[in-house]
Asks: 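I'd like to ask you about the structure that follows.
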Protein chains: 2
Amino acid sequence: MDKDLKIFLAKGDKEFLPHISIDCVIFGFHERQLKVLLLKWKEGGSWCIPGGFVKHQESLDASAIRTLKERTGLNNIYLKQFYSFGEPKRDNSKALLRRLGVNGSWLAKRFITVGYYALVDYSRVSPKPDWLTDICEWHDVHKIPKLIYDHNVIVKKALETLQLSLNDVPVGHKLLPSKFTMPELQDLYETILDRKLDRRNFQKKMLSFGVLERLEERRTGGAHKSPFLYRFDRKKYDSAMKGGGLKFGV
Amino acid sequence: MDKDLKIFLAKGDKEFLPHISIDCVIFGFHERQLKVLLLKWKEGGSWCIPGGFVKHQESLDASAIRTLKERTGLNNIYLKQFYSFGEPKRDNSKALLRRLGVNGSWLAKRFITVGYYALVDYSRVSPKPDWLTDICEWHDVHKIPKLIYDHNVIVKKALETLQLSLNDVPVGHKLLPSKFTMPELQDLYETILDRKLDRRNFQKKMLSFGVLERLEERRTGGAHKSPFLYRFDRKKYDSAMKGGGLKFGV
DNA sequence: TCAAAAGTGTTTCGGATACACCCATGA
DNA sequence: TCATGGGTGTATCCGAAACACTTTTGA
C-alpha cells in the first residue's frame with residue numbers, strides 16, 4: 001500500500017469524525033468556459049472532486065476551507081454549503097478501494113458527505129493533488145468524466161444551485177480577475193445561465209447596479225475595437241449584494 | 001434512567017450511524033399563523049424540533065420521512081433538505097444530558113445534523129411525542145421558545161429558505177386543506193413573506209397561473225360576503241411547478 | 001341600514017426587450 | 001477596406017402596481 005495512504009488510514013479514525021466527509025465543487029472561469037477542479041486517484045484510478053474529512057473539534061465550514069486551501073493554495077475563498085449526500089449504496093468504486101487495499105478500513109465505510117461549492121479566480125489557482133491522487137486539473141463543467149461514488153450528482157446539483165442563486169451570488173466578483181471587460185462579464189453570465197443575452201441590454205443593466213468602475217485602460221490586442229476594462233467597486237458591490245443582489249436570469 | 005431511553009441507548013450505536021442526525025422543521029398553517037411543530041423533553045427539559053438518526057442502510061431522505069411519519073402520523077409529506085449544521089460546540093444542553101444520565105453515551109457525542117423542512121396540512125396532523133419527549137405541539141414561527149443545541153438557528157434558516165424559494169415551492173397546495181378561499185391563500189403568502197399584498201392583484205395573478213378550480217360552494221358563516229372555495233387542479237398545478245413555479249415575492 | 005369583506009374591473013408606470021447606428025481594430 | 005466586435009441611444013411592450021366601484025353578509 002502507498003505510504004501516505006497508510007499513514008492517513010492509521011491516524012484517520014482518531015483525528016476525524018467517522019462516516020462524515022465534505023466535498024467541494026470548485027468553479028473557475030477560463031476561455032469562455034466554466035471549469036471545475038478535478039482530481040485523479042493514484043493507481044490508474046477514477047476522477048473525483050476534492051474532498052476532506054471533519055476533525056473532531058472543527059466546524060464543517062472550517063473543514064471545507066482547509067480542503068480548499070490545500071487544493072488551490074488560496075485563502076479567502078468564496079464558499080457555500082449547498083446540499084448533503086450519502087445514499088447507502090455508493091458502490092461505484094469498490095474495485096478501486098480493493099486495488100488500493102483499503103477495503104474494510106474506515107475509509108471504505110458508508111459516508112454522508114456535505115457538499116460545498118466555491119468560486120475562485122482561475123488565474124490565481126495552482127492546483128495541487130492530495131495524498132490519494134496524482135493529478136489535479138480543470139475540466140469544462142459540461143465535459144465532466146465519470147466520477148467516483150455520487151460525485152457526478154454532486155457536481156450537477158452544485159451547478160443547478162449556482163444557476164438558481166445567480167442573482168444573490170457574486171459570480172462576477174469571484175470568478176473573474178480584478179480587471180475585466182464587459183464582454184467577458186457577459187460571457188460569464190451566458191455560460192452559467194446557458195443562454196444568450198443581448199449585448200446592449202446586458203451592459204445597460206449591469207451598469208445600472210452602480211457597482212462597476214470603468215478604468216481608463218482598454219483591453220488591446222484583440223482583433224477588433226478595444227473594450228474598456230472594468231473593476232468592481234468593493235464597497236458599492238457589497239452593499240448592492242446585501243440589498244437584494246444583481247438581478248439577472250429571471 | 002428512563003426505560004425507553006435505556007433501550008434506545010443500548011441499540012442506538014449499533015443500529016444508527018454515529019455522529020449523524022437529521023432534524024425536521026415541520027411547517028403548518030392555522031389561524032393566520034405559520035406554525036412549527038416542537039417537542040419538549042422529559043424531565044422538565046427544553047424544547048426542540050423533531051429529529052432522528054440514520055440507519056446504516058437508510059438514505060437521509062428515508063430517515064427524514066420515517067421521523068415525519070412518527071411525529072405527525074402522515075405519509076406523503078412534502079419534504080426538502082435545506083442545510084446541514086453541526087458546530088463542534090453545541091454546549092447549550094450539557095446540563096440536560098447530565099440530568100438524563102446520558103452524558104458519555106453516543107447520544108452526547110458531537111453530531112452533524114442534516115436539516116429538512118416539511119409542509120403539512122395542519123388539520124390532518126396528530127402530533128405524537130417520541131421516546132425522549134412528552135409534549136408535541138404547534139408554535140407560531142415568530143414565537144419560538146429557546147430550543148436546545150442550535151435548533152433556533154435551524155428553524156431560522158428553514159424559514160429563510162422557505163421565503164427565498166417561495167416561487168418554486170407548492171406552499172398553497174401543501175399547507176392548506178384541499179378546499180380553501182382566496183383570502184386564506186393570500187393570508188398564507190402574506191404570512192410567509194411577512195408583508196401585505198394587494199387583494200385584487202393577488203387574485204388576478206394567482207388565477208392567471210391557471211392552476212385553481214373555483215367551486216360552486218362558498219365559505220359561509222363569516223361576518224361578511226361569503227368568499228368562493230377553490231381547489232388546486234392537481235395536473236395543471238404539477239406542470240406549472242415544473243415550468244418555473246408560481247412567481248411571487250420578487 | 002351600515003360597516004366590512006369580497007368580486008370585478010381600468011389606469012398607470014417602469015423595467016425588460018427589441019432594435020439601429022456609429023466607431024475602432026487587425027487582417 | 002472591410003468584416004467583426006464594441007460603445008451608445010431609442011422605441012416598444014408587457015406585467016406589476018395602484019386604484020374605484022359594486023355586491024354580499026351579519027350585526
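The analysis underlying the following values was restricted to heavy atoms, covering all of them including side chains, and did not include hydrogens, waters or symmetry mates. Within every chain, numbering begins at 1; the chains are lettered A, B, ... in the order of the sequence lines, protein sequences first and strands thereafter.
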Asks: Which whole-number value in Å describes the distance from Leu207(B) CG to dA6(C) C1'?
Replies: 13 Å
Asks: For DNA chain D, which residues of residues 223-233 of chain B approach it to below 4.0 angstrom with any heavy atom?
Replies: Ala223(B), His224(B), Lys225(B), Ser226(B)
Asks: Which letters describe nucleotides 13-20 of chain C, given B = protein heavy atom under 4.0 Å from base, S = only from sugar-phosphate, - = neither?
Replies: ---SBBBB
Asks: So, Tyr83(A) versus Tyr117(A), ring centres under 6.0 angstrom or not?
Replies: no
Asks: Let me know the distance between CG of Leu197(B) and C1' of dA5(C), rounded to the nearest Å.
Replies: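 Between C1' of dA5(C) and CG of Leu197(B): 17 Å.
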Asks: Would you mind writing out the side-chain donor-acceptor pairs for residues 20-30 of chain A within the sub-3.5 Å range, not counting sequence neighbours?
Replies:
from: Ser21(A); atom 1: OG; to: Thr113(A); atom 2: OG1; distance (Å): 2.8
from: Asp23(A); atom 1: OD2; to: Thr113(A); atom 2: OG1; distance (Å): 2.6

Asks: With sequence neighbours left out, write down each residue that passes side-chain hydrogen bond (donor to acceptor under 3.5 Å, both in side chains) with Gln186(A), or none if nothing qualifies.
Replies: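 side-chain hydrogen bond (donor to acceptor under 3.5 Å, both in side chains) check on Gln186(A) returns Glu190(A).
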Asks: Is Lys174(B) positioned over the aromatic face of Tyr78(B), cation under 6.0 angstrom from the ring centre and no more than 45 degrees off axis?
Replies: no
Asks: Closer than 3.5 angstrom, by distance alone: can the side chain of Ser165(A) be matched with the main-chain N or O of Thr161(A) as a donor-acceptor pair?
Replies: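 Side chain of Ser165(A) to backbone of Thr161(A), a donor-acceptor pair under 3.5 Å: yes, one is there.
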Asks: Which label fits Phe232(A) and Tyr237(A): parallel for a plane angle under 30°, tilted from 30 to 60°, or perpendicular past 60°?
Replies: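 Taking Tyr237(A) first and then Phe232(A), their aromatic rings stand perpendicular (interplane angle over 60°).
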Asks: Would a distance-only check, ignoring hydrogens and angles, find a side-chain to backbone donor-acceptor pair under 3.5 Å from Thr67(B) to Ser63(B)?
Replies: yes
Asks: Can you label the angle between the Tyr122(B) ring and the Trp138(B) ring as parallel, tilted or perpendicular, going by 30° and 60°?
Replies: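 Aromatic pair Tyr122(B)/Trp138(B) classed tilted.
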Asks: My understanding is that only residues two or more places apart in sequence, or in another chain, count here; which of them pass side-chain hydrogen bond (donor to acceptor under 3.5 Å, both in side chains) with Lys225(A)?
Replies: none
Asks: If I take atom CD in residue Gln203(B) and atom C1' in nucleotide dA5(C), what distance separates them, rounded to the nearest angstrom?
Replies: 13 Å
Asks: Hey, does Arg218(A) reach any base, or is it just sugar-phosphate, or nothing, if we go heavy atoms under 4.0 Å?
Replies: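 Nothing, no nucleic acid heavy atom in range.
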Asks: Have a look at Arg219(A) and say if it touches a base, only the backbone sugar-phosphate, or nothing, with a 4.0 Å heavy-atom cut-off.
Replies: nothing
Asks: With heavy-atom distances below 4.5 Å as the criterion, would you say the side chains of Gln81(A) and Ser84(B) are in contact?
Replies: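 Counting from C-beta outward, Gln81(A) and Ser84(B) do come under 4.5 Å.
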Asks: With heavy atoms of chain A within less than 4.0 Å as the criterion, where does contact along DNA chain D begin and end?
Replies: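 Answer, 5' to 3': dT4(D) to dT10(D).
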Asks: Could you tell me how far apart Glu216(B) (CD) and dG7(C) (C1') are, to the nearest whole angstrom?
Replies: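 Spelled out: CD on Glu216(B) to C1' on dG7(C) is 15 Å.
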Asks: Do NZ/NE/NH1/NH2 and the carboxylate oxygens of Asp168(B) and Lys247(B) come within less than 4.0 Å?
Replies: yes
